[in-house]
4 protein chains.
Amino acid sequence: MNGFNKVILIGNLTRNPELRYTPSGTPVASFALAVNRRFRQGEELKDEVCYIDIVVFGKQAEHCGQYLSKGSGVIVEGRLQQRRWETEDGQKRSKHEVVAQSVTFLPKRQDGGGGGHEPGAPDDAPAYEYEEQL
Amino acid sequence: MNGFNKVILIGNLTRNPELRYTPSGTPVASFALAVNRRFRQGEELKDEVCYIDIVVFGKQAEHCGQYLSKGSGVIVEGRLQQRRWETEDGQKRSKHEVVAQSVTFLPKRQDGGGGGHEPGAPDDAPAYEYEEQL
Amino acid sequence: MNGFNKVILIGNLTRNPELRYTPSGTPVASFALAVNRRFRQGEELKDEVCYIDIVVFGKQAEHCGQYLSKGSGVIVEGRLQQRRWETEDGQKRSKHEVVAQSVTFLPKRQDGGGGGHEPGAPDDAPAYEYEEQL
Amino acid sequence: MNGFNKVILIGNLTRNPELRYTPSGTPVASFALAVNRRFRQGEELKDEVCYIDIVVFGKQAEHCGQYLSKGSGVIVEGRLQQRRWETEDGQKRSKHEVVAQSVTFLPKRQDGGGGGHEPGAPDDAPAYEYEEQL
DNA sequence: TTTT
DNA sequence: TTTT
């Protein structure tokens with residue numbers, strides 16, 4: 001069956017992007033993204049980071065090279081891809097990365113204000129309350 | 001068949017959110033989102049807006065009421081829902097809205113800089129170039 | 001701000017698709033999708049349907065015209081779009097529909113077997129259990 | 001910055017799911033998903049597979065154990081997660097997997113018929129045609 | 001106007 | 001009824 005493969009991430013660059021060019025001249029930018037997650041485990045608030053490599057092609061790659069740097073916030077939309085290779089001693093390896101279809105630049109976070117990601121169901125109301133008519 | 005219904009939108013509030021409470025006390029926030037789209041039609045660059053109403057429940061609703069205002073940028077993840085009612089003269093009507101499961105707050109865009117959302121394929125390279133190996 | 005607008009739906013056609021052609025010859029298929037949702041409201045299991053119109057362009061439109069009929073199950077990926085018009089008596093109206101970027105055909109449901117969509121968090125375990133290490 | 005991390009995949013199980021239980025009794029299912037992609041590279045049609053491990057918790061995990069088997073088609077919605085460990089000789093390793101928030105079961109594809117996933121823009125019409133008014 |  |  002033909003698949004569907006969509007990833008949407010918001011995070012920060014862990015370093016400046018690298019800009020290179022393919023033999024035929026297509027720009028290629030790559031960087032690693034740190035995607036933070038905060039969750040409650042029983043009483044404690046915990047933080048967790050997921051690092052993932054991002055690859056971007058074409059004119060967007062050049063924009064990334066120009067406007068992004070370590071710490072920049074971005075929204076990345078793309079697809080998961082697996083890269084396979086062999087180590088020098090013949091072991092097979094693979095890693096997952098995201099091939100970006102779009103990269104949206106976020107400004108450095110303004111201070112003050114609150115906000116952040118507000119995920120999942122609120123915890124101050126029983127689930128069925130969500131079905132109430134307004 | 002049991003369905004699947006997922007919407008992900010990035011856009012800006014067209015007005016301040018309204019915060020109300022259900023009879024049983026669940027907070028409910030609502031606002032309209034403007035989702036912009038830029039596309040090429042032949043030679044011209046065109047812009048198009050899709051306006052859609054968003055409803056949020058629970059603690060997130062209160063956060064929306066607190067931190068969002070007209071113009072704020074957000075990522076909304078939720079499901080499409082249809083609301084049905086009758087007009088005073090007995091006509092049946094319905095509209096679609098999005099019941100948000102999560103609302104992510106985006107900072108105001110920095111000025112200067114470039115970037116912005118860079119959707120789809122770059123226009124300076126033929127599509128197949130994207131498949132080039134690096 | 002430039003937006004992001006993604007919709008993924010699974011449902012059934014409420015009628016046979018209509019296939020037409022634009023003046024310039026692009027095929028256009030349209031149909032309505034019924035997306036079912038089952039949820040628990042307190043003790044009761046409830047069912048709810050969201051109906052939404054789908055438009056498809058190009059070769060896919062022809063495939064839809066050929067292979068789909070009332071009741072067919074499909075996965076639709078696309079974007080929300082608003083259509084605006086005026087009624088004969090000059091009232092402004094608009095409706096939301098989905099412009100499909102892809103349509104995946106599902107076979108009629110096999111009998112036996114269980115399954116269906118399994119959404120959200122399980123209800124037999126406290127949320128923090130989800131963070132347990134394996 | 002607090003992140004956003006959403007993955008939506010459609011693919012097939014490469015093997016039967018494994019069902020285990022955490023010490024505290026939470027069910028945990030795991031399986032690998034094959035997500036196919038077909039693309040045009042110049043003249044040729046190419047196929048590519050991305051394999052990724054999926055983990056599911058709770059009641060859904062039990063449903064997966066009961067109803068899914070090698071080859072089953074599913075829609076997985078979840079988040080990317082990185083697992084870190086050390087090899088016996090002290091090397092640090094990590095891999096990405098997807099923690100599913102929902103798993104939707106797809107029926108086996110009917111034979112005959114046409115269809116399948118029809119991604120992206122049709123190839124029989126110039127892109128701007130898509131913007132034509134109907 | 002409605003599908004499984 | 002509309003936002004950047």
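Because the structure is a prediction, the values reported are computed rather than measured. Labels below follow one simple rule: chain letters A, B, ... track the order of the sequence lines, proteins then strands, and each chain is numbered from 1.
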field: C:Y51, nearest nucleotide to its side chain (from E:dT3, F:dT3, E:dT1)
entry: E:dT3
query: How long is the line joining CZ of B:R37 and P of F:dT2, in whole Å?
result: 21 Å
message: Can you classify the ring geometry of B:F105 versus B:Y67 as parallel (below 30°), tilted (30 to 60°) or perpendicular (above 60°)?
response: tilted
field: Length of the CG-P vector between C:L13 and E:dT1, whole Å
entry: 19 Å
- prompt: Any idea which of E:dT3, F:dT4, F:dT1 is nearest the B:N12 side chain?
  reply: F:dT4
message: Rounded to whole Å, how long is the line connecting atom CG of B:L80 with atom P of E:dT3?
response: 20 Å
query: What integer distance in Å separates C:R84:CZ from F:dT1:P?
result: 10 Å
Rounded interatomic separation in angstrom, taking CZ from C:F4 and P from F:dT3: 24 Å
query: Would you call C:E48 and C:R37 a salt bridge, using N to O less than 4.0 angstrom?
result: yes
task: Take the protein atom NZ of B:K95 and the nucleotide atom C1' of F:dT1, then report the distance between them rounded to whole Å.
output: 11 Å
query: Can you check the C:K70 NZ to E:dT4 P distance for me, whole Å?
result: 7 Å
message: Going by the rule salt bridge (charged side-chain N to carboxylate O under 4.0 Å, His left out), which residues pair with B:D89 if we only count those two or more places apart in sequence or in a different chain?
response: none
- prompt: Picking from F:dT1, E:dT1, E:dT3, which would you name as closest to the side chain of B:D53?
  reply: F:dT1
Value in whole Å for how far the P atom of F:dT3 lies from CG of B:L33: 13 Å
Test side chain to side chain contact (heavy atoms under 4.5 Å, CB included) applied to B:K46 - qualifying residues, sequence neighbours left out: B:F39, B:Q41, B:E44
task: Choose from E:dT2, F:dT3, E:dT4 the nucleotide whose nearest atom is closest to any side-chain atom of C:N36.
output: E:dT4
